[in-house]
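Start at 1 and go down the list; that is how both ligands and their atoms are numbered.
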Amino acid sequence: MRPFGITRKGTIRKRAPEKKLIVVRYIEDSVSISENSADMYHDEIASPNPIFKSPAQKNFNGNVTGTKSPASPSLPFGPKAKARIIPCKDLSDNTHFIEMDALEHYNVWSDIGKGSYAVVKLATHKQTMHKCAIKIYSKKSLEDPAIKKNVLREIKILKKIDHPNIVKFYEEINGKNNLYIVMEYVRGIALKNHLVTKSNKKLDEVEACEIFRQIVSGLEYCHGKNITHRDIKLENVQLDLDFNVKLIDFGFATCFSNEKKSFIFCGSPTYMAPEIINKQMFFGPPVDVWASGILLFALLTGGFPFQGNTEKRVFDRIKKGKYDIPSYISRPCSDLIRAILDPNPITRITAKDILKHIWIINRGNFDLHSSPSKGDNIDVFDDDCN
Ligand SMILES: Nc1ncnc2c1ncn2[C@@H]1O[C@H](COP(=O)(O)OP(=O)(O)OP(=O)(O)O)[C@@H](O)[C@H]1O
């Protein structure tokens, strides 16, 4: 179990009644618990009658103690609690230091994710106790016009979207130091991490199909609204506890027009379509479809079709377009992968047609031609080029 702590301006160390050392660190009227404990305890925290006699509430009243609720034997203040010390990060350089006046309606907990420019924190709406995720961009990073443009576009696009397989936008909050995007909290696991838990880092066709179908369903919806995600990859697919798919991170998303082709070099190298690498003008949707094919390949094989130790090598292979589909993949699935990884964006299958493909209709239930052989397993998850 990871450390637990309460935060509100400054840091104090306290002994709980059980004489166990608890370190309490105060930031501004907020409570911070570590990533793991946040997930472990957030049901209690979020419940209207929290089992955990919320140190948060005590904290808000300025009365901080580490006492445990009688009904919370599993919580870290229990008799078995060991000294749990909050990682004492230097808050002075924490650009994602939350502003409680801006987030007055939320209790903000600890980090649930980190991206290149944003930190994502778990929060609960104080009145409804509804859990949410708050993506925090420091305004310093938004001084870069390109980043600012992307973030504003991310917000604009998220506002337009309402689909079960896409994370829901709740509100944006413009703080003095940060910009906050409040959105649906997807309690679960990133698809990439889910894959890593599997033997050989791959899924069977039925499970892969169920996940892939939902991804493509979200994409089809976006494409129907003239929106492209442009950064489809394992890391940007979150699974909830019921294994429902939610697409996240619309930081590269954009609106496209059927009349106007555009060119922009964006996405993650392993997932980039040949038309991007060849610097051709392109419409958005085929690029998402290509990336979804790379992702499907990864789900089924534990590897990527175009690999290399350097970006250049990956690009060279994508340009050549040569890849092997392992023999244990069923014929209908192989056919679908080939239709998706069609180097020509004009003839490449669309998201709409993927959903009508026999492999999807049959939910991946096809006899396998052969069992995996040694050489069929490609493991590139440690590849720097992801
Ligand atoms: N709504 C959410 N619910 C749960 N976890 C989330 C949510 N949104 C983001 N995360 C977590 O936070 C991480 C970072 O989020 P996100 O990818 O949106 O940030 P980013 O800065 O845009 O990332 P990148 O550097 O890839 O562009 C994700 O990988 C995911 O683990």
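- Here D162 pairs with K168 under the salt bridge (charged side-chain N to carboxylate O under 4.0 Å, His left out) rule; sequence neighbours left out.
- Under the rule for a salt bridge (charged side-chain N to carboxylate O under 4.0 Å, His left out), D144 has no partner lying at least two apart in sequence or in another chain.
- By the salt bridge (charged side-chain N to carboxylate O under 4.0 Å, His left out) test, D316 pairs with K312, sequence neighbours left out.
- In summary, of the residues considered (K126, M100, H125), a side chain to side chain contact (heavy atoms under 4.5 Å, CB included) with N107 occurs for K126 alone.
- Protein residues with any heavy atom under 4.0 Å from ligand 1: I112, G113, K114, G115, S116, Y117, A118, V120, A133, K135, V167, M183, E184, Y185, V186, E235, N236, Q238, I248, D249.
- Hydrophobic clustering (ILVMFWY, side-chain heavy atoms < 4.5 Å, transitive): I215 and Y221 are in one cluster.
- Checking E205, K202, E207 one by one against L300, the side chain to side chain contact (heavy atoms under 4.5 Å, CB included) holds for a single residue, E205.
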